[in-house]
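To keep things clear, I will list the structure first and then write my remarks on it.
In what follows, chains are A, B, ... by sequence order, proteins preceding strands, each numbered from 1. Computed from a prediction, not measured in an experiment: that's the story for all the values here.
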2 protein chains.
Amino acid sequence: MTTRSSTDANRVIPEATVARLPVYLRALTALADSGIRTCSSEDLAIAAGVNSAKLRKDLSHLGSYGTRGVGYDVDYLRYQIAREIGVTQDWPVVIVGIGNLGHALANYSGFRSRGFRVVALLDADPQLIGQTVAGVAVRAFDELEAIVQEHDVAIGVIATPAVAAQSVADRMVAIGITSILNFAPAVVAVPDGVDVRKVDLSIELQILAYHEQRKANGADAAAAAAAAVTVDGGAA
Amino acid sequence: MTTRSSTDANRVIPEATVARLPVYLRALTALADSGIRTCSSEDLAIAAGVNSAKLRKDLSHLGSYGTRGVGYDVDYLRYQIAREIGVTQDWPVVIVGIGNLGHALANYSGFRSRGFRVVALLDADPQLIGQTVAGVAVRAFDELEAIVQEHDVAIGVIATPAVAAQSVADRMVAIGITSILNFAPAVVAVPDGVDVRKVDLSIELQILAYHEQRKANGADAAAAAAAAVTVDGGAA
DNA sequence: TAATGTGAAGTTATTCACAGCA
DNA sequence: TGCTGTGAATAACTTCACATTA
């Protein structure tokens, strides 16, 4: 028996949908900022860069927050999505590795405005410790445990060089962090129950390069393919 | 008739596979650096953080580069993947928007080492123009066209604030750039034939927050679900 | 009547499990 | 014998198309 109430907290939201909810949230905020009170799935889909069928299917996993014949109330839907993904609450975050990228992350205003509060910046380099970045003092990596306990940190960001990433992750996990955002170009292994997401700048460029290469070969490849078909076809 | 030779450049590689090839490439490089000459699909899968069946299926789309009973030659496979994704060639790149993130990207050594060469840094802010970042002078955004033509740039990186992203993208597309990596927290629309990939720092954190929230609710939710099942079950 | 919410169909991706080969 | 490469099975995701409802 798996009968469930409509507000069941265990209702499963597909991972692909979860990944798009923040996009919808941002699009709704943009609509609200331009004074729009109500929108159709088509309007919102355009603002979010997806098609409307996908948008409606995604929203249907959260509940039924629209009005047939009318559309969605922008503020109401925005609140529902924010609540669903947890950005109505405050998330203390630590950033480990204050190089160029760590600096940029510490200064990134988009975190703060979405409920993420950088409570500490940590680095292993004694030269950096004590410096202030984005109004926060850089502290020794050793202080991780104390900071995590003091602020009840659940999310850690790794912006170290690749070689340090696994040991930083291990330490984070040992101390009780259960979500990690990894910017280091390295695979980090973690136990079950800990989530890791990876952002890899050069991988993104490599994916673009692959498609770019195919486009560049397009004319040639089309000709080659035609030739191949002719030859193969003749042989078959 | 769609008969094709084994070296057919038009062979389709699934998008999900394309996105993992750079990960395999990095894992192979790490293996090579530690002196390993040969590896099994299991070894490489562990190094890349995937399971071995998926790895073998992915590699099967490129061709048959392993030896049954033995495994893969690390250098040979590495070369084949590099060639497939196009990182054996040089890709000139322009970065637009030299704020904190633009700085970090300009300084990121991982680009250069993977065949991406930052040929120009552009910004609209006159204060920044003329400054040198990572050994490259910051130039006016207006110079985009001249730079793209001079260096035959196909890939552009947007690291501007959100409001500027669409107009920068429009300009890039008008000038002939066909691949864009967008770090601005905004959806950018481009015509068919142009690829855009988006890296959004706060979206990644929001996805983690969603799962974190579910974990935090875990004990409660499990209890609630059990209660709900009892009640619902009793009612049914 | 206009737009949501959703079964059903279609597509893509993952995993299984083993035939085939060095 | 051991490991690759791959059909077949399964799962996840997307899109279609329309019944439903304010």
*Report which part of the nucleic acid A:Glu15 touches: base, sugar-phosphate, or nothing (heavy-atom distance under 4.0 Å, all strands).*
sugar-phosphate
*Using modelled atom types only, decide if a donor and an acceptor are shared between the side chain of B:Asp43 and the backbone of B:Ser40 within a distance under 3.5 Å.*
yes
*State whether B:Ser64 places a side-chain N or O below 4.0 Å from either non-bridging phosphate oxygen (OP1 or OP2) of D:dG5.*
yes
*asked:* Is there a side-chain contact between A:Lys54 and the phosphate of D:dT14, meaning an N or O under 4.0 Å from OP1 or OP2?
replied: yes
*Are B:Arg20 and C:dT14 close enough that a side-chain N or O sits under 4.0 Å from OP1 or OP2?*
yes
*Would you say a side-chain N or O of B:Arg68 is under 4.0 Å from OP1 or OP2 of D:dT6?*
no
*Main-chain N/O of B:Gly110 paired to B:Arg114 side chain as donor or acceptor, under 3.5 Å*: yes
*Is it true that atom CZ of B:Arg112 has more than 12 heavy atoms of other residues, nucleotides or ligands lying nearer than 6.0 Å?*
no
*At under 4.0 Å, does any side-chain N or O of A:Tyr65 touch on OP1 or OP2 of C:dA3?*
no
*asked:* When you measure from the side-chain N and O atoms of B:Tyr72 to the phosphate of D:dG5, is any distance below 4.0 Å, counting only OP1 and OP2?
replied: yes
*Would you say a side-chain N or O of B:Asn51 is under 4.0 Å from OP1 or OP2 of C:dT15?*
yes
*Between A:Ser41 and C:dT4, does any side-chain N or O lie under 4.0 Å from OP1 or OP2?*
yes
